[in-house]
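Notes follow the structure.
Start at 1 with the first residue, then count along the sequence.
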Amino acid sequence: MKATVRPLEPIDRAAWEPLWAAYQRFYEVVIPPETTDLTWARFHDPDEPMHALGAFGGHDRLVGIVHAIFHRSSWLPQWTCYLQDLYVEDSQRGLGTGAALIEAVADLARANGAGRLYWMTHETNATARQLYDRIAERSGFIQYRKAL
């Protein structure tokens, strides 16, 4: 059964949290509960440029999540959309759920006048990279971070 993708609503939090926790385990990070609370609130604040979508499988069960953030760019006159987080349950990988979530973010970006959609993944995430290499082009840029 193909997953149905829609914006997450406040009532979806209990279903979202296990996927958010699994995403953090995958990337070996721990995001404090107060940051998770703030993030969830931002997804539902119309004044915030953050969005959360979910893929729902059989019995309306949440099987994948994606988060997107709109921002300005010095390279484009339009908005830019950053797909920040994408996670699909193991049982749903290879079934088109990840691609459906990305396409839903692309639709959201187009609807909001964005000129570009981009995302990153860890170089060791071979499974996701197989999908990404099929549906998008690699930019060639390498990310650097400086702790503040």
Side-chain angles (χ1 to χ4, degrees), residues 2-57 60-89 92-93 96-125 127-148:
K2 187 172 177 163
T4 301
V5 178
R6 66 163 172 80
L8 292 178
E9 299 171 5
I11 196 166
D12 296 318
R13 180 157 183 179
W16 170 82
E17 282 190 19
L19 296 177
W20 179 233
Y23 177 81
Q24 292 175 59
R25 280 191 303 277
F26 180 83
Y27 280 112
E28 300 176 351
V29 298
V30 176
I31 297 174
E34 56 274 9
T35 301
T36 292
D37 290 343
L38 179 60
T39 297
W40 184 256
R42 286 175 174 166
F43 290 148
H44 306 289
D45 180 343
D47 293 329
E48 287 285 346
M50 297 177 68
H51 301 267
L53 305 173
F56 292 82
D60 205 32
R61 187 174 70 85
L62 187 61
V63 297
I65 58 172
V66 66
H67 306 147
I69 302 170
F70 287 88
H71 65 85
R72 294 294 189 191
S73 169
S74 58
W75 289 24
L76 295 170
Q78 307 97 331
W79 286 101
T80 297
C81 184
Y82 173 45
L83 189 157
Q84 185 171 25
D85 311 303
L86 173 66
Y87 184 80
V88 174
E89 280 186 350
Q92 298 299 306
R93 293 188 184 150
T97 304
L101 286 163
I102 293 169
E103 192 55 38
V105 172
D107 289 343
L108 179 68
R110 284 188 283 269
N112 283 279
R116 175 179 294 140
L117 169 62
Y118 72 102
W119 62 91
M120 297 180 282
T121 194
H122 196 271
E123 63 188 346
T124 61
N125 193 351
T127 301
R129 289 178 63 191
Q130 287 179 340
L131 168 63
Y132 303 160
D133 287 344
R134 263 196 340 266
I135 64 172
E137 65 183 51
R138 288 179 51 183
S139 68
F141 282 88
I142 300 170
Q143 182 190 40
Y144 290 88
R145 294 180 184 174
K146 183 170 176 59
L148 301 176

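- Closest approach of C81 and A109 over heavy atoms only: CB-CB, 3.8 Å.
- When all heavy atoms of T80 and S73 are compared, the pair lying nearest together is OG1-CB, 3.3 Å.
- Counting heavy-atom neighbours within 6.0 Å of E34 CD, excluding the residue itself, gives a total above 12.
- Between N125 and Y27 there is a side-chain heavy-atom pair separated by less than 4.5 Å.
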Apply side chain to side chain contact (heavy atoms under 4.5 Å, CB included) to residues L53 and L8 and explain how you reach the verdict. CA-CA 5 Å; L53 305 173; L8 292 178; 5.7 Å; no
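- Remark: R110 fails to qualify as a cation-pi partner of F70 under the 6.0 Å distance and 45° angle criteria applied to the six-membered ring.
- Two residues are said to be in side-chain contact when any heavy atoms from C-beta on lie closer than 4.5 Å; E103 and L101 fail this criterion.
- Tested against H67 for a side-chain hydrogen bond (donor to acceptor under 3.5 Å, both in side chains), the candidates W16, Y82, W20 yield a single pass: W16.
- With rounding to the nearest 0.5 Å, the separation of CE in M50 from OG1 in T39 is 5.0 Å.
- With rounding to the nearest 0.5 angstrom, the CD atom of E17 is 7.5 Å from the OG1 atom of T36.
- Between W79 and N112, the shortest heavy-atom contact is CD1-O, 3.7 Å.
- For the pair V105 and L86, the minimum side-chain heavy-atom distance is 4.5 Å or more.
- Proximity of D85 to I65: side-chain heavy atoms (C-beta onward) are nowhere separated by under 4.5 Å.
- When all heavy atoms of Q24 and I31 are compared, the pair lying nearest together is OE1-N, 2.8 Å.
- In this structure, the side chains of R129 and E123 come closer than 4.5 Å at one or more pairs of heavy atoms.
- To the nearest 0.5 Å, atoms CG (L117) and CG (L108) are separated by 9.5 Å.
- Once rounded to the nearest 0.5 Å, the distance linking NE2 of H44 with CD1 of I11 reads 11.0 Å.
- The heavy-atom pair separating L19 from L62 by the smallest distance is CD1-CG, 3.6 Å.
- Between R13 and D37 there is a side-chain heavy-atom pair separated by less than 4.5 Å.
- Rounded to the nearest 0.5 angstrom, R93 CZ and T127 OG1 are separated by 7.0 Å.
- Taking the six-membered ring for Trp, Y132 and H122 have ring centres at least 6.0 Å apart.
- Here the closest heavy-atom approach between residue H71 and residue Y118 is recorded as NE2-OH, 2.9 Å.
- Contact annotation: the side chain of H51 never approaches that of R42 to less than 4.5 Å [non-hydrogen atoms, C-beta and beyond].
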Using the side chain to side chain contact (heavy atoms under 4.5 Å, CB included) rule, take D12 and F56 through it: C-alpha gap first, then chi angles, then the decisive distance, then the call. CA-CA 11 Å; D12 296 318; F56 292 82; 4.1 Å; yes
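- Proximity of W40 to T35: side-chain heavy atoms (C-beta onward) are nowhere separated by under 4.5 Å.
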Is there a side chain to side chain contact (heavy atoms under 4.5 Å, CB included) between L131 and I102? Walk through the geometry before answering. CA-CA 10 Å; L131 168 63; I102 293 169; 4.1 Å; yes
